[in-house]
Each structure stands twice: as structure tokens, then as C-alpha cells.
Amino acid sequence: MSLKSSKHIAEVLDELEDSLTDEEHFDDNDVAINDVVDVPHDVRGTFEILTSSGAVNTSKPNPSKKRRETLPKRKSKMHPNYNDVPINEEQKCVAQLVENYGGTNVLQCFLLFFDDTVINLIIDNSNKYATYCNRHNFSLGKSNLLKFIGIMILTGYHSLPKIENYWSKDEDKEIILVRKTMSKNKFKNIKQNLHLSDNKNLDLTDKFAKLRPFFNILNEKFSQFGIFSHNLSIDEEMVPYFGRHSCKMFIKGKPVRFGFKLWCLTSENGYLYKFLPYGGASTKRVDGLPLGSEVV
């Protein structure tokens, strides 16, 4: 590069340096507040405008801040109130039952559960069984069946050594009510032919097949007049029995050690909603469920 060229470049650089300055080319007094025309639009950051009334700080709007201000405020998270107490409909149902059956006597209450459906079941199956056994002279009617059941209930709380003693004329064993109600031979004849199911239509896998129709009807009656309370109990109950049967249980330490075990669903005051007889470990079970879960 020649010396002349170097001098020319130096002169150009000096002129550019002299032309660069930080001074603005407009007067601050000429700036208007409402009509900011002469303010340069390429100014970065913030700037300050001075007026006669004081200083006004103006800055470029922050887009993120503006978006946050326009969004609606979030509502505070509501925490629901949980209540594990069920709705009490029990008192209403009790009042309805009292209104419908409040004036009934003991016999009428018994017939609500032991109605014509249960009586016809026993009469039909008993007459069929007598026919199967060639006892064609036997015929059971509703009146004789109710008398028989009444005597059986009496023997439950007035016990004597033998069934024949209830027709005895001895002073220490005589029960005139039983002797006037039914003869001893008639009572034995009904007891011999009494049946609760049809022997020709039995489920051989069910140990309680001869009693199953009677159990099903009773469970329907109990549930019909029962009111499910807030507190329920599922537990076992023993029915005393000292005869021979494959379902007879022995439970050590119980008040009733020998008898049939029933799983019962009851209320807190002892009302029976449903019962399920237990036939031992060989009873048909639901696969994969333990005994307690299956009962529940």
C-alpha cells in the first residue's frame, strides 16, 4: 500500500469519528405530552419525559405482565366435605310399619311370616311324601297343620321326657290343652309324613336339599318386613340338635356345643334379616373366596 493511500484512509476515519456523537437532534422543550410525534421509536429500554407538572416515567409494556393481568383469577381449590354416616331412612320405615301392623296380636304377627305360601308348601310336599310311601289314607289340611305347629311350639318351652307325656292323664304331666287340640295318633301321623320338599326333585350336592325351599321362603319373609339399620352384624348361631346328621357341628366352649350352625345377618337389636346354614367344608363354595368373604 502506498503512503498516499494510507493518508487518505486515516483522513476518512477521522471524519467518521467526528460525526459520531451521543447528542440528540431535537429540543426537549418541543416534546408534547398528548402528541408525541418527534420522539424516536427506535429507542430501547426506558426513557423519561419532563413536563412543567413533574416527571412522568414511561416504559415499554411487558407482554407477559399484561397477559397475566388479563387472565381471570383462579378460584381457590374447594375441599369437599366427606361424611361416612349413611342417610337415616330407618326411622321413617319403622313409623310406616308401626302404622300398618301396630295393632296386630301375637298370632297375627306369626302369620305374617308363616303365611299361606309356607303352609301350602308344607301341605303339598307332605301329601306327596305320604303318597310315595303308599300311605294313601293320610291327608293334611291347613287346620291340622296349624294345630301341629302350635303343639310343637308348646313343647319348646314346656319340656317333658317323652312326646307321649303331653297326652298323659297323670297329675304331674297332664296338659289338657294338648289333649283337647289333637289326638296323639294324629300328631304322630303328621310328624311321620311332614316334608318340606319334593324327594323326587332334590339337589344331591346340597346337604340341606330337603330344607332349602323352606329356608328360601323364610329369608324372603324376613327381608320383606325387615328394616336395614345402620349397624349390622354377621355372625354364627347354633341350633341345638343331638341326633345324627352329617351337618351337625361341635364347637367347643360355646353355650350350645352340638347342633347346626347358621350364619345370620341381624340388626343391632337382634332382628334376623337372613340366615345361611353351614354344611361343613364340603359345602359348595365360590372359587377363590375364603369362608368369611363368601358369607358376607
Side-chain angles (χ1 to χ4, degrees), residues 104-130 133 135 137-197 199 207-219 221-222 225 236-251 254-262 264 266 270-272 275 277-278:
T104 58
N105 54 31
V106 177
L107 178 60
Q108 291 173 343
C109 289
F110 174 77
L111 293 177
L112 290 176
F113 299 93
F114 216 86
D115 58 359
D116 292 338
T117 305
V118 180
I119 292 174
N120 293 332
L121 173 71
I122 300 174
I123 291 175
D124 293 341
N125 292 317
S126 299
N127 290 328
K128 287 180 181 180
Y129 178 73
C133 298
R135 292 190 283 265
N137 295 327
F138 176 81
S139 179
L140 179 62
K142 181 177 179 180
S143 177
N144 288 331
L145 177 60
L146 292 177
K147 292 177 182 179
F148 174 83
I149 294 173
I151 294 174
M152 293 299 297
I153 294 175
L154 176 64
T155 60
Y157 63 87
H158 187 85
S159 59
L160 292 175
K162 296 181 180 180
I163 193 67
E164 290 82 2
N165 296 145
Y166 289 94
W167 285 267
S168 175
K169 295 183 179 180
D170 297 340
E171 293 181 358
D172 59 338
K173 295 179 289 187
E174 182 181 15
I175 302 178
I176 301 176
L177 178 63
V178 174
R179 192 166 65 246
K180 288 184 176 180
T181 300
M182 181 180 291
S183 65
K184 180 175 63 177
N185 293 334
K186 184 66 174 179
F187 179 86
K188 287 186 175 181
N189 195 16
I190 295 176
K191 187 177 180 182
Q192 182 183 15
N193 295 284
L194 189 69
H195 256 62
L196 302 175
S197 63
N199 283 0
K207 291 186 176 182
F208 294 97
K210 291 190 175 183
L211 299 173
R212 187 66 63 184
F214 182 67
F215 289 164
N216 294 336
I217 291 178
L218 288 183
N219 282 328
K221 300 301 178 184
F222 294 150
F225 297 103
E236 58 187 22
E237 181 180 352
M238 292 294 292
V239 178
Y241 180 73
F242 298 96
R244 290 179 175 271
H245 197 277
S246 60
C247 296
K248 186 178 71 172
M249 307 291 293
F250 169 73
I251 302 179
K254 293 288 186 178
V256 180
R257 295 183 299 168
F258 295 94
F260 297 105
K261 184 169 77 171
L262 303 178
C264 298
T266 64
Y271 181 85
L272 178 65
F275 68 93
Y278 180 62

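Just so it is clear, the structure is predicted and the values come from calculations on it, not from any experiment.
- Around CZ of R135, the count of heavy atoms belonging to other residues, nucleotides or ligands within 6.0 Å exceeds 12.
- Atom OG1 of T155 and atom CG of N165 lie 12.0 Å apart (nearest 0.5 Å).
- Remark: the backbone N or O of N185 is not paired with any side-chain donor or acceptor of W167 at under 3.5 angstrom.
- Put simply, the side chain of H195 never gets that close to the backbone of S197: no donor and acceptor are under 3.5 Å apart.
- Pairing each heavy atom of F114 with each of I149, the nearest pair is CE2-CD1, 3.1 Å.
- Taking CG from N125 and CG from N120, the interatomic distance works out to 10.5 Å, rounded to the nearest 0.5 Å.
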### Query
Stepwise, does the side-chain contact (heavy atoms from CB on, under 4.5 Å) test hold for T117 with K221?
CA-CA 10 Å; T117 305; K221 300 301 178 184; 4.3 Å; yes
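- Between the Q192 side chain and the N189 main chain, no donor and acceptor come within less than 3.5 Å of each other.
- Put simply, the side chain of K248 gets close to the backbone of G243: a donor and an acceptor are under 3.5 Å apart.
- Panel note: side chain N144, backbone G141; no donor-acceptor pair is recorded below 3.5 Å.
- Rounding to the nearest 0.5 Å places CG of L140 at 8.5 Å from CD1 of I122.
- With sequence neighbours left out, K210 forms a salt bridge (charged side-chain N to carboxylate O under 4.0 Å, His left out) with no residue at all.
- Between I151 and T181, the shortest heavy-atom contact is CD1-CG2, 4.4 Å.
- Ring planes of F260 and H245: perpendicular class, angle over 60° (limits at 30 and 60°).
- One finds the CZ atom of F113 at 9.5 Å from the CG atom of L272 (value rounded to the nearest 0.5 Å).
- When all heavy atoms are compared, the tightest approach of E237 to C264 is OE1-SG, 3.4 Å.
- The salt bridge (charged side-chain N to carboxylate O under 4.0 Å, His left out) check on K191 picks up nothing, with sequence neighbours excluded.
- Taking the six-membered ring where the residue is Trp, F258 and F242 present tilted rings, their angle falling between 30° and 60°.
- In this structure, the separation between CD1 on I190 and CZ on F148 is 6.5 Å, given to the nearest 0.5 Å.
- Summarising the geometry, atom OH belonging to Y278 is positioned 5.5 Å from atom CE belonging to M249; distances are rounded to the nearest 0.5 Å.
- The backbone N or O of F138 sits nowhere less than 3.5 Å from a side-chain atom of N193 that would complete a donor-acceptor pair.
- In terms of modelled atom types and a separation under 3.5 Å, the side chain of D170 and the main chain of K173 share no donor-acceptor contact.
- The backbone N or O of L160 sits less than 3.5 Å from a side-chain atom of Y166, completing a donor-acceptor pair.
- Partners of K261 by salt bridge (charged side-chain N to carboxylate O under 4.0 Å, His left out), not counting sequence neighbours, listed by chain and number: E236.
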